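Read through the structure below, which is laid out as structure tokens, and then see the notes.
Because the structure is a prediction, the values reported are computed rather than measured.
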Amino acid sequence: KQITDLTEQLLAGDTTSNKSIRDKAAAITKNLAKWEEALVQTKAQSNDDIINYINKLSADYIFLKGDLDSNIPYTTKGQEDQYIFLDAQWKTLKKQMQDLVNNDITELNKLCKEKDIAKIIVGL
């Protein structure tokens, strides 16, 4: 939201002097959307849409947690293997987000600082 607001603010002003900031903001927005689509199924509108769209990592985690929270007092090898598989996917996505925050947003904030424009605040 902050990046979108920043982009809109910059479009209202001089369109050439802030092009580098707008381009960087657009790239970050695109990468954030791509990251979110890997984590959450954003196309599903109703419960029936799971037929049309493949579940993403968050839904798989929720399903596995529900399975593990059952009355059976033990976990199966399959559940443990699935957890390891999902956790590896999450670690990859988490690193992507950390890189986005630590590199891309830091670079955007640096560009904004050079132009004396309010920067993006990250609260993790």
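- Within 6.0 Å of atom OH in Y61, more than 12 heavy atoms from other residues, nucleotides or ligands are found, so the atom counts as buried in its surroundings.
- Put simply, CD on Q2 and OG1 on T4 are 10.0 Å apart, with the number rounded to the nearest 0.5 Å.
- Between Q9 atom CD and I21 atom CD1 the span is 9.5 Å, to the nearest 0.5 Å.
- Across A25 and L108, no two heavy atoms sit closer than the pair N-CD1, 4.1 Å.
- Here N31 contributes atom CG and D99 contributes atom CG; the two are 11.0 Å apart, rounded to the nearest 0.5 Å.
- Side-chain contact between K95 and K91 is absent, with no heavy-atom pair separated by less than 4.5 Å.
- A side-chain donor-acceptor contact under 3.5 Å links Q79 to the backbone of T76.
- Between the side chain of D87 and the backbone N or O of Y83, no donor-acceptor pair lies under 3.5 Å.
- In this structure, the side chains of K65 and I62 stay at 4.5 Å or more apart for every pair of heavy atoms.
- One hydrophobic cluster, built from ILVMFWY side chains closer than 4.5 Å, cannot hold both W90 and F63; they sit in different ones.
- A pairwise comparison of heavy atoms in K24 and L111 identifies CB-CD1, 4.1 Å as the closest pair.
- Between the CD1 atom of I28 and the CG atom of D23 there is a distance of 11.0 Å, given to the nearest 0.5 Å.
- At least one side-chain heavy atom of M97 sits under 4.5 Å from a side-chain heavy atom of L32.
- Note that CD of Q82 and CG of D67 are 9.5 Å apart. Values are rounded to the nearest 0.5 Å.
- Not one N or O on the side chain of T7 forms a donor-acceptor pair closer than 3.5 Å with the backbone of R22.
- The distance from the CD atom of E107 to the OG atom of S20 is 9.5 Å, given to the nearest 0.5 Å.
- Listed for the W35 side chain is a donor-acceptor partner under 3.5 Å among the backbone atoms of L93.
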